[in-house]
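What follows is a single structure, written as structure tokens, with notes after it.
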Amino acid sequence: TVVSDGNITVIEIDHYSVPAAFSYFTAPIINKNVFLTAKIGDWKQYNLLPGEVNVYFEDSYSGITTINPYAITDSLTISLGVDPNVAIKRKPINNYKKNTLIGNNRVLDQAYEIEIKNNKLTTIDVVIVDRIPVSENREIKVDDVETGTSDYDAKKGILKWKTTISPNQSNTYKFSYTIKHPRYKKINL
């Protein structure tokens, strides 16, 4: 029954208990937060409608996300928002950063350290994504690429770590590279 008083009425149409695989995702070069995601398999059986969804996590409201049931994948991934109990920090390693001139070229050495800490009481699975510049100009060269333990896609310059972190533990990942370019050229990293 909807009362005709001009107010908006919310009606529950259906209720599902959906099994999901939970994991965390972060790209610290873009955003310093860690996001919880839920991956739902065989999701087409639920006949979901596209739209906004209110998300409740650990018995509290955490925000709004969207569902796109027109995806052509066999699993549906939904963002459940930021989990403040998982912290990440990306910082340059200062003792490695050098900017030198060799002839007409400038050589820039860069190194970074990513530290992620699980402040939760449970073990979590995390995917960490970062990047190394890829040159499309033959005068600019990216060399001495050290990717550590990551899965590195050299064509796209994408670093990806998939890891499991125990409760109250932290993991550290490092990567570095060297850029050589004509000193008269300005480059943006």
Side-chain angles (χ1 to χ4, degrees), residues 22-39 62-66 68 71-73 75-120 123-189:
F22 295 98
S23 66
Y24 289 83
F25 176 84
T26 183
I29 190 168
I30 297 170
N31 191 317
K32 293 182 177 21
N33 292 310
V34 180
F35 297 88
L36 176 63
T37 61
K39 190 172 189 177
S62 67
I64 295 175
T65 191
T66 58
N68 178 13
I72 57 173
T73 57
S75 61
L76 182 66
T77 302
I78 299 173
S79 174
L80 300 178
V82 174
D83 188 340
N85 293 314
V86 184
I88 192 158
K89 182 172 35 173
R90 179 188 192 263
K91 63 182 179 182
I93 300 172
N94 291 331
N95 62 354
Y96 189 84
K97 186 176 179 180
K98 292 188 299 189
N99 191 353
T100 57
L101 288 173
I102 298 175
N104 286 330
N105 291 316
R106 183 173 305 276
V107 178
L108 179 64
D109 292 323
Q110 296 273 222
Y112 293 93
E113 179 179 82
I114 298 172
E115 182 181 4
I116 185 163
K117 182 161 181 15
N118 178 9
N119 295 314
K120 300 178 74 59
T123 299
I124 61 170
D125 293 323
V126 183
V127 175
I128 304 167
V129 176
D130 213 305
R131 64 138 180 102
I132 289 179
V134 175
S135 175
E136 294 184 3
N137 183 330
R138 62 184 173 94
E139 293 181 320
I140 302 170
K141 299 204 181 323
V142 179
D143 294 318
D144 301 328
V145 174
E146 292 293 330
T147 61
T149 59
S150 72
D151 291 329
Y152 178 57
D153 182 343
K155 201 171 198 173
K156 296 179 182 176
I158 301 295
L159 301 156
K160 187 183 286 187
W161 292 270
K162 292 181 181 178
T163 187
T164 301
I165 306 175
S166 300
N168 295 312
Q169 297 295 313
S170 64
N171 289 357
T172 303
Y173 305 95
K174 295 180 183 180
F175 66 96
S176 63
Y177 56 90
T178 300
I179 297 178
K180 184 178 178 183
H181 64 91
R183 68 178 174 185
Y184 60 86
K185 275 195 185 285
K186 285 233 178 221
I187 59 170
N188 293 324
L189 296 177

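Just so we're clear, the structure is a prediction, and the values are computed from it rather than from any experiment.
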How long is the straight-line distance from NE2 of His181 back to CZ of Arg106, given to the nearest 0.5 Å? 6.0 Å
Can you name the nearest heavy-atom pair linking Pro92 to Tyr112, along with the distance? CA-CD2, 3.7 Å
Which pair of non-hydrogen atoms, one from Glu115 and one from Ser170, has the smallest distance, and what is that distance? OE2-OG, 3.7 Å
For side chain to side chain contact (heavy atoms under 4.5 Å, CB included), just list the numbers for Phe22 and Ile124, CA-CA rounded to whole Å, side-chain angles, deciding distance to a tenth of an Å, and then say yes or no. CA-CA 8 Å; Phe22 295 98; Ile124 61 170; over 6 Å; no
Heavy-atom pair of closest approach, residues Ser150 and Leu159: OG-CD2, 3.2 Å
To the nearest 0.5 Å, atom CD1 of Ile140 lies from atom CG of Leu108 at 11.5 Å
Gap separating the OG1 atom of Thr147 from the CG atom of Asp153, nearest 0.5 angstrom: 11.5 Å
So how far is it from Glu113 CD to Lys89 NZ, rounded to the nearest 0.5 Å? 8.0 Å
What I'd like to find out is whether the side chain of Ile179 reaches to under 4.5 Å of the side chain of Gln110, using heavy atoms alone. no
Using the rule given for side chain to side chain contact (heavy atoms under 4.5 Å, CB included), can you reason through Tyr24 versus Ile116, listing the C-alpha separation, both sets of side-chain angles and the distance that settles it, and then say yes or no? CA-CA 11 Å; Tyr24 289 83; Ile116 185 163; over 6 Å; no
Can you tell me if Asn118 uses its side chain to pair, donor with acceptor, with the backbone of Ile165 under 3.5 Å? yes
So Trp161 and Asp130, do their side chains get closer than 4.5 Å, heavy atoms only? yes
Kindly indicate, with the supporting measurements, whether the criterion side chain to side chain contact (heavy atoms under 4.5 Å, CB included) is fulfilled by Thr163 and Tyr173. CA-CA 11 Å; Thr163 187; Tyr173 305 95; 3.1 Å; yes
Looking only at atom types and distance, does a side-chain atom of Ser135 sit under 3.5 Å from a main-chain N or O of Val142, one as donor and one as acceptor? no
So do the side chains of Ile88 and Arg90 get within less than 4.5 Å of each other, counting heavy atoms only? no
If we only count heavy atoms from C-beta on, is the Lys155 to Val134 side-chain gap below 4.5 Å? no
Minimal heavy-atom distance between Pro28 and Ile114, with the atoms involved, is CG-CD1, 4.1 Å
Backbone N or O of Asn33 within a donor-acceptor pair of the Thr26 side chain at under 3.5 Å? yes
Minimum heavy-atom distance between Pro182 and Glu139, given as atom pair plus value: CD-O, 3.3 Å
Nearest heavy atoms of Ser166 and Thr123, plus distance in Å: CA-OG1, 3.9 Å
For Val34 and Asp83: C-alpha separation, side-chain torsions, deciding distance, then whether side chain to side chain contact (heavy atoms under 4.5 Å, CB included) applies. CA-CA 6 Å; Val34 180; Asp83 188 340; 5.8 Å; no
Got a second to check how far Ile128's CD1 is from Ile29's CD1, nearest 0.5 Å? 13.5 Å
Surrounding NZ of Lys120 (heavy atoms of other residues, nucleotides or ligands, distance under 6.0 Å), is the total greater than 12? yes
Less than 4.5 Å apart, side chain to side chain, heavy atoms only: is that true for Asn68 and Thr66? no
Reported CZ-to-CG distance for the pair Phe35 and Leu80, which is rounded to 0.5 angstrom: 11.5 Å
